[in-house]
A.B. asks: 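First the structure, then my questions, so here it is.
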Protein chains: 2
Amino acid sequence: MDHRSLLLLGLLISQSQHGYQIHDFIETNLPFITDMKKATAYAHLEKLSKGKYIDVSVEQEGSRPPRKVYSINNQGMELFYQLLAENLAAADTVFYEGDIGLMFLDHLPVEDTVHYLNKRRKDLEKKHHAVQLTPLHDTSKGVNIAFQHKKKMLEAELSFLNETIQQLKASPDYNKEVE
Amino acid sequence: MDHRSLLLLGLLISQSQHGYQIHDFIETNLPFITDMKKATAYAHLEKLSKGKYIDVSVEQEGSRPPRKVYSINNQGMELFYQLLAENLAAADTVFYEGDIGLMFLDHLPVEDTVHYLNKRRKDLEKKHHAVQLTPLHDTSKGVNIAFQHKKKMLEAELSFLNETIQQLKASPDYNKEVE
DNA sequence: TATAACATGTAACAAGTTACATGATTTC
DNA sequence: GAAATCATGTAACTTGTTACATGTTATA
């Protein structure tokens, strides 16, 4: 909730924008930070606007669909700083759905577990690769740090997975024939 | 969704249990794996029961409130293996809310950012400490691995935070007087 | 000429949480 | 005698997603 408003406000600081534009920016540039959907972005912008945190002005080019251009105002800046402080100061609790599968790997033959975890690793490598390739045309220090964080966490996942797979393969009841 | 059913089914394999008991177990033993709420657990158990994946029998001790004891059946075991395979094979996409704050740290004086991130670090250290202290009376290999994963991810967070704070402190416009 | 991109919005749906209701028993 | 624990459940609410409706303009 809060972090979505923070994101929208933050993006409006660098320039006034309309909803479509903001969502488009998020989708093409920040797919590793959030997957906020269009309808959600529009709804939040309207809510921020109703709360007087952002101002609206309707623009229109020719007979193209009119666009609502949002600009952050003083109240919005105050809210931004408040949300930013809260966000920076708190370590959000992250739950990993994948941990639940791990909990029950005793119920499978080691070979099967290794087979599935190898798939997980491939999946992960693809994601890691994608983050690597992200163009950082935005040279903002902060955005860079956020990307570094994301990359580091993916690498931790990858290193954990590799260790775990090795460990399982080293177990006495692992049948090497299946490879 | 899926991972919640997987968890409940998995816990029912080791023993038949009633909802209160299962939720109690989760709350006291798995606070780092999930924070599934009571109402959610009950609802999922009822859904699994309606889907014929688990059987119910009502027990009652004296005049205490009756309890619905759930047992996993063959259909449930099949579902369990299917959900387990899917869970193990997929790397779930994790978004870190904290990344959004990081993105905008350019908008604050470095000293403020450092101050907030130090708070974040304390918060994180507390969480890391708590995981460290978790009693692993359950000696299941899988549960252990899941906990190791959680621990490793927290350590990656911590290491990232330390590096980032150091980096910020090393920036030319960081004023050491404030410490 | 079809379809993708531009631009906004709404209604239905999905999933989970909060808060409460009920009522017995054990503990402070 | 009050409060916590045991045991289940429901209704209202929150948040976000999916899918669609609308209509123009650029592109294939």
Side-chain angles (χ1 to χ4, degrees), chain A residues 1-8 11-12 15-31 33-51 54-70 83 92-95 97 100, chain B residues 1-8 11-12 15-31 33-51 54-70 83 92-95 97 100:
Chain A
M1 234 266 82
D2 277 353
H3 66 281
R4 300 190 194 266
S5 291
L6 175 59
L7 176 58
L8 294 171
L11 292 178
L12 286 176
Q15 59 169 312
S16 300
Q17 296 178 73
H18 56 274
Y20 191 91
Q21 198 179 357
I22 292 187
H23 175 257
D24 191 58
F25 179 87
I26 291 173
E27 207 173 43
T28 66
N29 298 299
L30 308 175
I33 304 293
T34 180
D35 64 344
M36 180 166 34
K37 299 295 185 292
K38 213 184 284 188
T40 309
Y42 278 117
H44 271 78
L45 286 170
E46 214 200 311
K47 216 194 59 188
L48 286 170
S49 163
K50 273 188 184 161
I54 57 182
D55 301 326
V56 206
S57 71
V58 179
E59 277 185 12
Q60 186 155 18
E61 283 181 25
S63 56
R64 291 167 135 278
R67 15 190 231 192
K68 294 187 174 176
V69 178
Y70 295 100
L83 294 179
D92 49 307
T93 303
V94 182
F95 292 112
E97 294 185 16
I100 291 176
Chain B
M1 232 264 87
D2 277 355
H3 65 281
R4 300 190 195 265
S5 292
L6 175 58
L7 176 58
L8 294 171
L11 293 179
L12 285 177
Q15 58 169 314
S16 300
Q17 296 178 73
H18 56 273
Y20 191 90
Q21 196 180 357
I22 293 186
H23 176 258
D24 191 58
F25 180 87
I26 292 173
E27 208 173 43
T28 65
N29 297 299
L30 309 174
I33 304 294
T34 180
D35 64 343
M36 181 167 34
K37 297 298 184 291
K38 214 183 285 187
T40 309
Y42 278 116
H44 271 77
L45 287 170
E46 213 199 311
K47 217 195 60 192
L48 286 170
S49 162
K50 273 188 183 160
I54 57 181
D55 302 325
V56 207
S57 71
V58 179
E59 277 185 13
Q60 185 155 17
E61 283 181 25
S63 56
R64 293 166 135 279
R67 13 189 231 193
K68 293 189 175 177
V69 178
Y70 295 100
L83 294 179
D92 49 305
T93 302
V94 182
F95 293 113
E97 293 185 18
I100 292 177

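Within every chain, numbering begins at 1; the chains are lettered A, B, ... in the order of the sequence lines, protein sequences first and strands thereafter.
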A.B. asks: Heavy atoms from C-beta onward define the side chain here; which of dT8(C), dG16(C), dT17(D) lies closest to that of Arg4(B)?
C.D. replies: dG16(C)

A.B. asks: Below 4.0 angstrom from OP1 or OP2 of dG16(C), is there any side-chain N or O of His44(B)?
C.D. replies: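 For dG16(C), OP1 or OP2 has a side-chain N or O of His44(B) closer than 4.0 Å.
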
A.B. asks: Please lay out, stage by stage, how Lys68(B) and Leu45(B) fare under the test side-chain contact (heavy atoms from CB on, under 4.5 Å).
C.D. replies: CA-CA 10 Å; Lys68(B) 293 189 175 177; Leu45(B) 287 170; over 6 Å; no

A.B. asks: Nearest-Å distance, NZ (Lys47(A)) to P (dT10(C))?
C.D. replies: 16 Å

A.B. asks: Please compare Lys37(B) and Lys68(A) by the position of their nearest nucleotide in DNA chain C and report the one closer to 5'.
C.D. replies: Lys68(A)

A.B. asks: Rounded to the Å, how far apart are Lys38(B) NZ and dC20(C) P?
C.D. replies: 14 Å

A.B. asks: Using atom CD1 of Ile26(A) as one end and atom C1' of dT17(D) as the other, report the distance to the nearest whole Å.
C.D. replies: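 Checked: the CD1 to C1' distance equals 15 Å.
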
A.B. asks: Quickly work out the Met36(A) CE to dG16(D) P distance and round it to whole Å.
C.D. replies: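 Atom-to-atom, Met36(A) to dG16(D), this comes out as 9 Å.
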
A.B. asks: Checking salt bridge (charged side-chain N to carboxylate O under 4.0 Å, His left out) for the pair Asp35(B)/Lys37(B): CA distance, chi angles, key distance, verdict?
C.D. replies: CA-CA 6 Å; Asp35(B) 64 343; Lys37(B) 297 298 184 291; 3.6 Å; yes

A.B. asks: Checking the side chain of Gln17(B) only, and the main-chain atoms of Leu11(B) only, is there a donor and an acceptor separated by less than 3.5 Å?
C.D. replies: yes

A.B. asks: If we only count heavy atoms from C-beta on, is the Ile54(B) to Leu8(B) side-chain gap below 4.5 Å?
C.D. replies: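 No, side chains not in contact.
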
A.B. asks: Can you tell me how far C1' of dA7(D) sits from CD of Gln17(B), to the nearest Å?
C.D. replies: 14 Å

A.B. asks: Any idea which of dA19(D), dT8(D), dT17(C) is nearest the Ala39(A) side chain?
C.D. replies: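 Given the options dA19(D), dT8(D), dT17(C), the side chain of Ala39(A) is closest to dA19(D).
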
A.B. asks: Tell me which nucleotide among dG16(D), dG16(C), dT8(C) gets nearest to the side chain of Thr40(A).
C.D. replies: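 Shortest atom-to-atom distance from the side chain points to dG16(D).
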
A.B. asks: Please state how far atom CD in Glu59(A) lies from atom P in dC6(C), giving the value in whole angstrom units.
C.D. replies: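 Roughly 16 Å, once rounded to whole Å.
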
A.B. asks: Looking at Arg67(B), I'd like to know whether one of its side-chain N or O atoms comes within less than 4.0 Å of OP1 or OP2 on dC6(D).
C.D. replies: no

A.B. asks: Starting at CG of Asp35(A) and ending at P of dT17(D), how long is that distance when rounded to a whole Å?
C.D. replies: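 Going from Asp35(A) (CG) to dT17(D) (P), I get 6 Å.
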
A.B. asks: Give a yes/no answer on whether the side chain of Tyr42(A) brings an N or O atom under 4.0 Å of OP1 or OP2 in dT8(C).
C.D. replies: yes

A.B. asks: List the steps, then state whether side-chain contact (heavy atoms from CB on, under 4.5 Å) holds for Arg4(B) with Lys47(B).
C.D. replies: CA-CA 12 Å; Arg4(B) 300 190 195 265; Lys47(B) 217 195 60 192; over 6 Å; no

A.B. asks: Starting at atom CG of Leu45(B), determine the distance to atom P of dT10(D), rounded to an integer number of angstrom.
C.D. replies: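 In whole Å, dT10(D) P and Leu45(B) CG are 13 Å from each other.
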
